[in-house]
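Note sheet for the following structure.
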Amino acid sequence: MNEKARIIELRDLLNRYNYEYYVLNDSSISDAAFDQLMQELIFLEAKHPDLDDPLSPSKRVGGEVATEFKKITHERMMLSLANAFNDDDLRQFDRRVKQLTGETEMSYAVELKIDGLALSIKYENGELKYAATRGDGEVGEDVTNNLITIRSVPLKVAEKRDFEVRGEVFMPKESWLKLNEARELSGEQLFANPRNAAAGSMRQLDSKVAVSRKLEAFWYYVPNATELNIMNHFASLAFLKEQGFLVNDKTKVFDHIEDVITYISELSENRYDLPYEIDGIVVKVNDFALYDELGYTAKTPRWAIAFKFPPDEVETRLEDIFFTVGRTGKITPNAQLEQVFIAGSKVQRATLHNESFIKERDLKIGDYVFLRKAGDIIPEVIKPNVLKRTGEEKAFVMIDECPKCGTPLTYKEPLHFCLNESCPARNIEKLIHFASKGAMDIEGLGERVVEILFEHDLIKDISDLYDLHTKRDELLTIEGFGERSVSKLLEAIETSKNNSVERLLFGFGIKEIGEKTSKIIASSFSDLDSIKTKNAEDFMKLRDIGPIASAALVEFFSSERTEILLSALSEAQVNFKYLGKFIDVNSYFHNKTIVLTGTLYELNRRDATKLLEERGAKVTGSVSKNTDLLIAGADAGSKFKRATELNVKIINEQEFLELLTKEQSEDEK
Ligand code: IVH
C-alpha cells in the first residue's frame, strides 16, 4: 500500500477507535496499539504536507495557538430556557402547552440539564465545519480547535445533509477536583465549580490546554432536525447516536405530566451520584410538529422548560467558631462544622460574617444548625435546631483582640477590625492579593506558599518580596522547595517588576480601588510618582472614582508606611510607569455614558466597546436618563425607542465611524 492510501486508512481506523473508546466505552485495541497507529499517522502526515486535513484525528492532540477567537454569527439564535421551581410550575407549563396547541394529550422528553458550556457545531457535507460558543445568543466565538480535542466528538459523520448540533461541554466532577488540587499546589486560582473549569478551558487560545483538561460533551439538540425528516426530540437523539455523538442515556419520554414529575423527583434525588454536575432537568415537548405553534418568547422557546433544584438543606453540628483576619483587618467569625455533604460537595467551614449575624440567629457553640447551599453558592448557616439543645451549648462571645497580633479591635458597625498595619495575618492576606492574577500575577506565589514564607520569617510584608532572591539558600531548606521550584518562584517575582503600574496599584489593595479603577488612575496620571502627589479633587475628576475611593487613595499615599514601601520597591527597580494605552481625554466620547444597539456592520460590539473605553467612555447595556449617547446600528428596537423618549442623543454607525476617524486624523496632526 502506498503512503497516501495508508494515511487515509489510518485516519479512518483512528476515528473508529476513538468512537469505540470514548462513545461506546468499549475499545477493540490496546492503548499502546492506538498510540502506535497515531505516531505512524503523524509521521506520514509530516512527510506529505499536501495531504493535510484539518479534520485528521492527529489534530486532536492540540497545538494550534490562536491570537484571538473568530466571531461566528449563529444561523439560528441560541436561546435559553424558562424556569420551573416546583411541581405546580410544571403543571402550569403542561396546561399552557395544551392550550396553545389545542391538544389534550402531550408527550414530553425529560432530560438532564448538564451544567457546562453550551456549544453549537455545524456539519456540512459530513464534515465538522466549526464549533461556536453561545456568546450573547446571536454571536459566539469559534472554538473549533479546542472542541476537536474532545475525543468523543465526531470529526466526520455519515449524514451528508447539513445540520447543526447543540450540546454541553462539561468537566466531570473527578477531573475538576484533580485539576483544582494541582492548581492549589502551584498557587493558581481555583475553579469555583466544574462549569467554570469547562468554560475556562474552552476559552483558551492554546488548544494544548484543552487537551490537558479532560473535557467531555453531551449533545441534545438538532435545531434543523425537521429538514432531515426527524419528527420528534427522541428521534433526534437517536439520530445523533447513529451519527456517533455522545448522548446522555437518562432521557425518557412520558405521556403525562404527573409521570414527568415522578421521574424528575427520581432524577433529583440521585443527582449527586452522577459523575458530572447538573443544574436542573429539562422538559421538552417531544413532537416537533407543535414547535411552530408554540413559538418563542424574546429569549426562550415555549416548547421547553427547565426545572431548577431548590437549594439543599442539611443539619450538622457547629463545633466551634474561629476568627480570621482579612487584608483590611476585618475580623470574620467562621463556623467550624462537623463535615457534611451538601449540594455534592464536602463542607466543614462556613462564614458567619460578623457578630450580629451570630447574635441574630442566636447560634451557640455545640448547636445543631441548618445549612443551606444552592448550586455553587457558598454554604450558609441558617439557624440552630433549638429542639436539639441539651444545655451543654456554649454562648458565643465576640473577641476584643486580634487573634493573630493581640491588638485591641476597633468596631465600625457591624464589623470589627484589627487596625495594626504590621499585623502578620493582614500582611499575609495583603501579599496573597498582591501576587494574585489581576494584580502582580506572580506564578507560584499562592496562598499556601505565602503562608510558608511567613512561617519561616522570610517575609514580613510586600517590600521583602523583592529581597527574597538574597535568601535563596534559606528557601532551599524548606521542605518541598526544590531547586526548580525556588528558581521558578524567584524568576516570577523578578518578572513581575516589569508589570505596567496599574497592576502594582491594584496590588496595594487600597480600599475601593479595583482592577478597573487602577487602570483608569494609571492611564490618567501615567506613573506612580505623579499619582502619589495628587489630591482628592484630582482623583474625583476621573470617571468612576467617588469621594470614598479618592480619600482612600490620599490616605494611602500620605502614610509613612507607604513611603517606606515605595522607596523599597523603587530601589528594587519595580516599574512605576503605565505601559498600556492612554485614555484620550480630549475625545468627544470621554466621560460619556454610551449604549450600543442594533447591528453594526463595520465594527463588532466588542471592538466598538473597546474603542469607546479607550476614549474614556462608559459603555452600558440599557438606556436611562443617565445615558449621554446611543449608537444605533441597523434594526435598532426598544432601546432606540426609549432613547427617543428620553431625548438622548442618537447617532448611527456611519456617524460614529466618522467621529472616530476625525479624532484619529486630528491626533496624527
Ligand atoms: S435545550 C432552545 N437541553 O441550558 C433551548 N439545554 O437554559 C435549547 N442545557 O443554553 C437548549 N442541558 O446550555 C437543553 N438537555 C439540555 C440541556 C440544556 C443543559 C443548557 C444549555 C442552554 C441552557 C438553557
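In listed order, ligands and their atoms are each counted from 1. Below, all heavy atoms of this structure are taken into account, side chains as well, without hydrogens, waters or symmetry copies.
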| task | For ligand 1, indicate whether the residue Glu111 contacts it via side chain, backbone, both or neither (heavy-atom separation under 4.0 Å). | result | side chain
| field | Intermediate values then yes/no, salt bridge (charged side-chain N to carboxylate O under 4.0 Å, His left out), Glu164 and Arg76 | value | CA-CA 9 Å; Glu164 199 178 330; Arg76 303 162 194 85; 2.5 Å; yes
| Tyr601 and Glu653: side chain donor to acceptor below 3.5 Å | no
| request: With heavy atoms under 4.0 Å as the rule, classify the contact between Met78 and ligand 1 as side chain, backbone, both or neither. | output: neither
| said: Tell me whether Lys173 contacts the main-chain N or O of Tyr272 through its side chain, where contact means a donor paired with an acceptor under 3.5 Å. | reply: yes
| task | Please indicate whether any nitrogen or oxygen in Trp303 is less than 3.5 Å from any nitrogen or oxygen in ligand 1. | result | no
| At a non-hydrogen distance cut-off of under 4.0 Å, which region of Leu81 contacts ligand 1 (side chain, backbone, both, or neither)? | both
| message | Contact between ligand 1 and Leu117 is defined here as a heavy atom of the residue under 4.0 Å from a ligand atom; is it met? | response | no
| query | For ligand 1, which part of Asn248 has a heavy atom less than 4.0 Å away: the side chain, the backbone, both, or neither? | reply | neither
| query | For Ala306, is the nearest heavy atom under 4.0 Å from an atom of ligand 1? | reply | no
| Check: Tyr221 N/O within less than 3.5 Å of ligand 1 N/O | no
| query | Arg134 to ligand 1: N or O pair under 3.5 Å? | reply | yes
| task | Quick one: do Glu515 and Lys519 satisfy salt bridge (charged side-chain N to carboxylate O under 4.0 Å, His left out)? Show the steps, please. | result | CA-CA 6 Å; Glu515 258 181 273; Lys519 182 135 192 201; over 6 Å; no
| field | Separation between CG of Asp94 and CG of Asp88, rounded to the nearest 0.5 Å | value | 12.0 Å
| query | salt bridge (charged side-chain N to carboxylate O under 4.0 Å, His left out) between Arg606 and Glu141: does it pass, once the steps are laid out? | reply | CA-CA 12 Å; Arg606 180 114 47 85; Glu141 288 177 332; 2.8 Å; yes
| query | Taking the six-membered ring of Tyr21, is the NZ or CZ of Arg151 close enough (under 6.0 Å from the centre) and on axis enough (within 45°)? | reply | no
